[in-house]
Amino acid sequence: MAYKITDECISCGACENECPNSAISEGDSHYVIDPSRCTECVGSYSSSRCSEVCPVDAPQPDEAHQETKEQLLAKWKTLHPGETPNV
Ligand code: SF4
Ligand code: SF4
């Protein structure tokens with residue numbers, strides 16, 4: 001499932017450039033994740049990069065966007081045409 005960024009976000013910006021899918025951007029009140037680009041890092045890393053770098057644990061799985069690993073990998077492939085997934 002895609003991740004979301006909760007209100008805990010302090011807008012430090014640390015996660016933005018860590019996302020392999022350019023899914024993170026600065027929103028009105030805090031940073032936000034585009035669920036159409038978030039693969040839970042499937043295809044690039046074995047765990048969620050934004051969660052790992054966030055100092056306040058603001059990125060959390062978004063229950064509203066349930067997806068299988070196969071669906072996440074298919075999403076990754078559309079975002080990275082011609083590339084080979086790492087995970
Ligand atoms: S979980 Fe991975 S793909 Fe999703 S927003 Fe975070 S860094 Fe990007
Ligand atoms: S790393 Fe955490 S606190 Fe910093 S912008 Fe990203 S979600 Fe917000």
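Remember, it's 1-based here, ligands and their atoms both numbered in the order they're listed.
Heavy atoms of Glu40 come nearer than 4.0 angstrom to ligand 1 in at least one pair.
Considering all non-hydrogen atoms of both residues, Asp62 and Met1 come closest at O-SD, 3.5 Å. Here the closest heavy-atom approach between residue Tyr3 and residue Glu40 is recorded as CE1-CG, 3.2 Å. Heavy-atom minimum distance, Pro85 versus Leu73: CB-CD1, 3.8 Å. Across every non-hydrogen atom of Ala2 and Glu67, the tightest pair is N-OE1, 3.2 Å. Contact record, Ala14 with Val53: O-CG2, 3.9 Å, taken as the closest heavy-atom pair.
Atom 1 (S) of ligand 1 has as its closest protein heavy atom Ser48 OG, 3.3 Å. What sits closest to atom 8 (Fe) of ligand 1 on the protein, heavy atoms only, is Cys19 SG, 2.3 Å. For atom 2 (Fe) of ligand 1, the closest heavy atom belonging to the protein is Cys41 SG, 2.3 Å. From the protein, the heavy atom lying nearest to atom 4 (Fe) of ligand 1 is Cys38 SG, 2.3 Å.
Just one residue in the list Ser48, Cys12, Pro59, Cys9 forms a side chain to side chain contact (heavy atoms under 4.5 Å, CB included) with Cys54, and that residue is Pro59.
A donor-acceptor pair shorter than 3.5 Å cannot be found between the side chains of Ser51 and Asp57.
Close contacts between ligand 1 and Thr39 involve ligand atoms 3 (S) [criterion: under 4.0 Å to a heavy atom]. Residue contact check: Ile33 has heavy atoms under 4.0 Å from atoms 5 (S) of ligand 1. For ligand 1, the atoms sitting less than 4.0 Å from at least one non-hydrogen atom of Asn21 are 3 (S), numbered in the order shown with element in parentheses.
Between the Arg49 side chain and the Glu18 main chain, no donor and acceptor come within less than 3.5 Å of each other. Side chain of Thr39 to backbone of Lys75: no donor-acceptor contact under 3.5 angstrom is found.
Distance check, rounded to the nearest 0.5 Å: SG of Cys19 to CD1 of Ile24 gives 4.5 Å.
At least one N, O or S atom of Cys50 sits under 2.8 Å from atom 6 (Fe) of ligand 1.
Neighbouring protein atoms of atom 8 (Fe) of ligand 2 (N, O or S, distance under 2.8 Å, waters ignored): Cys9 SG.
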